[in-house]
Every structure is written in structure tokens, then in C-alpha cells.
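Just so you know, ligand 1 is whichever comes first in the structure, and atom 1 is the first atom listed for that ligand. Model, not experiment: these values are computed from the prediction.
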Amino acid sequence: MSLTVVNEISKVRELVKQYKKEGKTIALVPTMGCLHDGHKSLMEKAHSIADITIISVFVNPIQFCPGEDYDKYPRTLDADKIVAQHAGVDVIFAPSVNEMYPNLQKFSDLTMVVPPYELTDIMCGKSRLGHFDGVETVVSKLFNIVQPDYACFGMKDIQQLFLIKKMVRDLNFPVEIVPCPLVREASGLALSSRNKYLSDSQKTIALTISKSLFAIRDMFKAGIKDTKKLFDTGLTNLDKNVELEYLEFVDKDSFKQVAEIKSTTICAMAARVGNVRLIDNVVLEV
Ligand code: PAF
């Protein structure tokens, strides 16, 4: 099947209606474009589990905080079409901001989906105020527009994945969330659209983020369960030019902070190299 690109909600709804009439299942991969191999693995997963793969390409303004990179976020739709086609995508839904939020100038008028405060007052939510309100709102809209049977999300954005799974349970969205493994460069650097902003020397510095997480994982495997000691190991392995935002240990199922690791735990980091904010994590399996 060839790739169809649609910009209007009404058009994607028409396609979805037809697919459903034909008894086809749909998998959605929500993205902000600038597709890389991490997205490719999500699209391939979607293609392997459903009859139809739809991706959204939309740089969602309401999940960026003031001063963040909304304006300069890479928009590469022509290149994205090629990547998507190779990954077996059937439809790209690439709406304009006006199509998704016709009344955005009156932001306070927008109905939002807001995750519980205690789950956003940690990790990325703590420094990116309102970020997950924007994510959950746009993902809810996409679920309502595309009505997918499956939706694939990457484990790099581990807090996002956790909150979306909870939102789907709490609000009874009839969709199965499919978590997909984090994808890394051969060097260990977690793939991200924001890696494009890094110079070669910054990339070398950024590599110490995954190096530090791997060192923590190795120490954990060697029997250290005290997260204070693991934290210190992480710090020791970070380049001094990496500005640490957080290095947290949270229980995989509750996202509550952990002092002593007794159950499977996510060790997650956010850090800045220059102006570039990067996130990464490893799972400490018990
Ligand atoms: O992970 C992302 O790229 C975005 O947060 C998402 C899920 C596409 C919502 O805009």
C-alpha cells in the first residue's frame, strides 16, 4: 500500500472509517517528526501488530514550556515521509496547529487532560511545568481522532509512557499501549531528535550520560542496592560539562522514589549539554 499524507482531521477520520468498515486494525505512532531509528522501530512494531499503521507528525505547542525549543524544533516532513514509507507506514497525519487547536490564542479556554500532580512533580514534570498536561491532551485528541487499536510509545520517554498508560486506564480509552525499547547509537547515546543540536564535541560529552547509567547498572548487577551509592557512581562517570537536572530511581510500577532497590526500578536521568536537554534511562531488573 502506498503512503497517504493527510493534514485535516476530517480526512483522517474518513480513512479510519473506511479501514474499520473493512475490519482492519489500526496502530498509531504519535510523533513530533524528525524521524530517526528510534521512531523507525516504533513504526515497524506498529506495522507488525496491525493491518494499518498511522503516524502523527505534529510539533505540539502546548507541551513546550516558555523558553523551550518549540520554534527551533526540527521540522523535516519531506525526509519523514521517506523514513515512514520504508517502515511500512500507511498514513501520515500531519495537522497544522490551527487544525488541532483552532482557538489556541485563548489557551485558557482549552479543555486539558491533566495527570495527577504527585506523578508530575518528579523527574521531567518538575522542570517542565505543564509539559505532561500538553502531552496527555494531544495524545487524547489523537486517540479520539484516529481511534487506534494499538498505540506505540518508546521507553526513552519513560515518564511519558507511564503517564499515558495510566491515562488510558483511568479514562477508559479503548486502546492497547505498546511499549517499545529505547534505541541507542552504537556509541550508547540514546536516539533523540534533539541529538541534531549537538556538535561533535558536545556529543562526546553527552556520551557520558549513557556511560554513567551503564555504570550504575553494572554496580547494581554486582549487588549494590543502595540508590545513594548508585547515584554517586552515576555522578563520578558524568563529564563535568554535563549539567545534571535529575538522576532518579523510581519503582517501575508506582513511579515512587526508591532508597533501597527491592523491585524492578527505573534509573532515569535528564541533563543538559550546552543548551541541549537530553534524557535517558536504564531498567534495573529484580
Ligand atoms: O514523545 C513525543 O514525541 C511527544 O511527546 C508525543 C507523544 C508525540 C506527543 O506530542
Side-chain angles (χ1 to χ4, degrees), residues 7 9 12 27-43 45-46 53-65 68-77 79-80 83-84 87 89 91-97 99-101 104 107 110 112-115 119-120 123-125 127-146 148 150-168 171 173 175-183 190-197 268 270 276-281:
N7 308 111
I9 294 171
V12 79
L28 171 70
V29 181
T31 83
M32 297 206 300
C34 191
L35 302 178
H36 51 64
D37 282 354
H39 296 111
K40 198 167 152 231
S41 76
L42 300 179
M43 296 186 284
K45 178 69 185 177
T53 301
I54 301 182
I55 71 164
S56 56
V57 172
F58 179 61
V59 185
N60 176 34
I62 67 164
Q63 71 183 71
F64 288 79
C65 303
E68 286 191 346
D69 56 346
Y70 173 68
D71 288 332
K72 74 165 190 173
Y73 197 87
R75 288 149 171 96
T76 56
L77 189 58
D80 291 346
V83 181
V89 170
V91 179
I92 297 183
F93 173 49
S96 65
V97 171
E99 181 73 6
M100 289 296 273
Y101 305 114
L104 194 58
F107 181 70
L110 189 65
M112 302 282 289
V113 180
V114 179
L119 294 174
T120 54
M123 298 166 63
C124 293
S127 63
R128 305 189 73 191
L129 286 185
H131 167 68
F132 288 115
D133 304 358
V135 170
E136 293 212 339
T137 301
V138 79
V139 170
S140 301
K141 283 171 73 75
L142 291 167
F143 286 173
N144 285 331
I145 294 165
V146 175
Y150 308 96
C152 300
F153 290 88
M155 289 175 66
K156 182 168 80 71
D157 296 288
I158 196 80
Q159 191 177 11
Q160 167 173 285
L161 173 64
F162 178 81
L163 291 171
I164 286 172
K165 274 163 60 184
K166 179 167 168 51
M167 177 187 83
V168 161
L171 301 184
F173 280 102
V175 58
E176 183 180 328
I177 301 302
V178 181
C180 300
L182 188 157
V183 182
L191 293 188
S192 161
S193 304
R194 291 188 169 97
N195 291 351
K196 274 214 156 94
Y197 302 146
V276 189
R277 185 178 182 277
L278 300 167
I279 56 171
D280 196 350
N281 68 80

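In summary, of the residues considered (N7, I92, I145, L142), a side-chain contact (heavy atoms from CB on, under 4.5 Å) with V12 occurs for I145 alone. Each of L129, L163, V114 was checked for a side-chain contact (heavy atoms from CB on, under 4.5 Å) with T120, and the lone residue meeting it is L163.
When the heavy atoms of H39, Q63, Q160 are ranked by distance to atom 10 (O) of ligand 1, first place goes to Q63.
Counted within 6.0 Å of NZ on K141, heavy atoms from surrounding residues, nucleotides or ligands total more than 12; the atom is thus considered enclosed. In the displayed structure, K156 atom NZ is contacted under 6.0 Å by more than 12 heavy atoms of other residues, nucleotides or ligands.
Within the listing of ligand 1, atoms 9 (C), 10 (O) sit less than 4.0 angstrom from a heavy atom of V138. Below 4.0 Å from some heavy atom of P30 lie the following atoms of ligand 1, by number and element: 8 (C). Listed by number with element, the atoms of ligand 1 under 4.0 angstrom from any heavy atom of T31 are 8 (C).
When only non-hydrogen protein atoms are considered, atom 3 (O) of ligand 1 lies nearest to M32 CG, 3.7 Å.
Counting only N and O atoms by type, the side chains of N60 and Y73 include no donor and acceptor under 3.5 Å apart.
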